[in-house]
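Following: one structure in structure tokens, then a few remarks.
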Number of protein chains: 2
Amino acid sequence: MNLKYSKQREAIKAFLMSRKDHPTADQIYTAVREDHPNISLGTVYRNLALLEEVGEIQRLHVNGNTDRFDADVSNHYHFVCDSCSCVQDIPMEMQVSLSAEAQKHFNGVIDYYNACFHGRCSDCKELQY
Amino acid sequence: MNLKYSKQREAIKAFLMSRKDHPTADQIYTAVREDHPNISLGTVYRNLALLEEVGEIQRLHVNGNTDRFDADVSNHYHFVCDSCSCVQDIPMEMQVSLSAEAQKHFNGVIDYYNACFHGRCSDCKELQY
DNA sequence: TCTAATATCAGTAATCGTTACTATTATTGT
DNA sequence: ACAATAATAGTAACGATTACTGATATTAGA
């Protein structure tokens, strides 16, 4: 793949690195537009796909409909609040033993896994459903 | 919620119970249409949402874009093949200790988690990428 | 520093999965 | 059998994403 520099791509990457909440493409678009008012939504999507392909960011599928993006490319645990739908990291070592255990019960080859915890975030834990 | 019987809903549920590969709404639509040629895609979506709400099926978000459906409503592990994209169950006890461990590193309340293993299914494990 | 090759862009149209709407049909309690 | 109303088929609309297109920006080489 033959990449050329672009300030739009740089702005997208920089914004993503500044955030820990794994924004959606549209949130990135809105944010980056403050410095680049003419940036197109298509440009955001294309660059997110490019950055993912190059391995500089990762795409998360934490809740179905809209993809989220993360500048931390390590495989780590996530949390989704069932009340406010916010997404956060869980700062905890990946337990690779779970893959090993699953392998005992599976006929193919298991390389890794993703896990997403659910419940109430610290802001929502006092609220009623 | 006040449900009335419908043969379409029954057909959807019956089909889903006969399958272990967690089909998409469109796959369900195509399959059920063999016995109910006039069924509408909207009817499939509406009944899947109803069945989910009533707790007779569950919706899976294993890989971003399209939802999958599972007549087994227990929380269990899934596997997605990175080669053919097939989805399977991993017949293994849920390790709730993972939630307990995550809770130590998280300020909110963790109720449960979903995990999705990745790798090569038994049909694909010999293939090259 | 100019130039040619080409990656990237903004803007817009198109696609895909899903949901909403509407007039008609089916189910169900009385 | 009937009235109330849930469910339907068909279609339009929606939100997220991708594809297209002619113009612009980057970059390597002369």
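Note on naming: letters A, B, ... go to the chains in the order of the sequence lines (proteins, then strands), and numbering restarts at 1 for each one.
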Atom pair distance, as rounded to whole Å: [atom1] in [X] and [atom2] in [N]:
| X | N | atom1 | atom2 | result |
| --- | --- | --- | --- | --- |
| B/D67 | D/dA16 | CG | C1' | 13 Å |
| B/N65 | D/dT18 | CG | P | 9 Å |
| A/Q27 | D/dT17 | CD | P | 11 Å |
| B/H61 | C/dT18 | NE2 | C1' | 13 Å |
| A/E10 | C/dC9 | CD | P | 12 Å |
| A/Y29 | D/dT18 | OH | P | 16 Å |
| A/F69 | D/dT17 | CZ | P | 6 Å |

> Any side-chain N or O of B/Y45 less than 4.0 Å from the OP1 or OP2 oxygen of C/dT19?
Replying inline: no
>> A/F106 vs B/F79, test: ring-ring contact (aromatic ring centres under 6.0 Å, His included). Steps then yes/no.
In response: CA-CA 9 Å; A/F106 185 64; B/F79 171 86; 4.2 Å; yes
> Quick one: does A/Q103's side chain have a donor or acceptor within less than 3.5 Å of a partner on A/V109's backbone?
Replying inline: no
>> Please check this pair: side chain of A/N75 against backbone of A/Y113, looking for a donor-acceptor N/O pair closer than 3.5 Å.
In response: yes
> In the 5'-to-3' direction, what one-character label does each nucleotide of nucleotides 1-13 of chain D receive under the scheme B = base within less than 4.0 Å of a protein heavy atom, S = sugar-phosphate only, - = no such atom?
Replying inline: ---BBSSBBB---
>> Taking the basic N atoms (NZ, or NE/NH1/NH2) and the acidic carboxylate oxygens, is any pair closer than 4.0 Å for B/K104 and B/E101?
In response: yes
>> Can you tell me if A/K20 has over 12 outside heavy atoms packed within less than 6.0 Å of its NZ?
In response: no
> Are B/R9 and B/Y5 in a cation-pi contact, defined as NZ or CZ under 6.0 Å from the six-membered ring centre and within 45° of the axis?
Replying inline: no
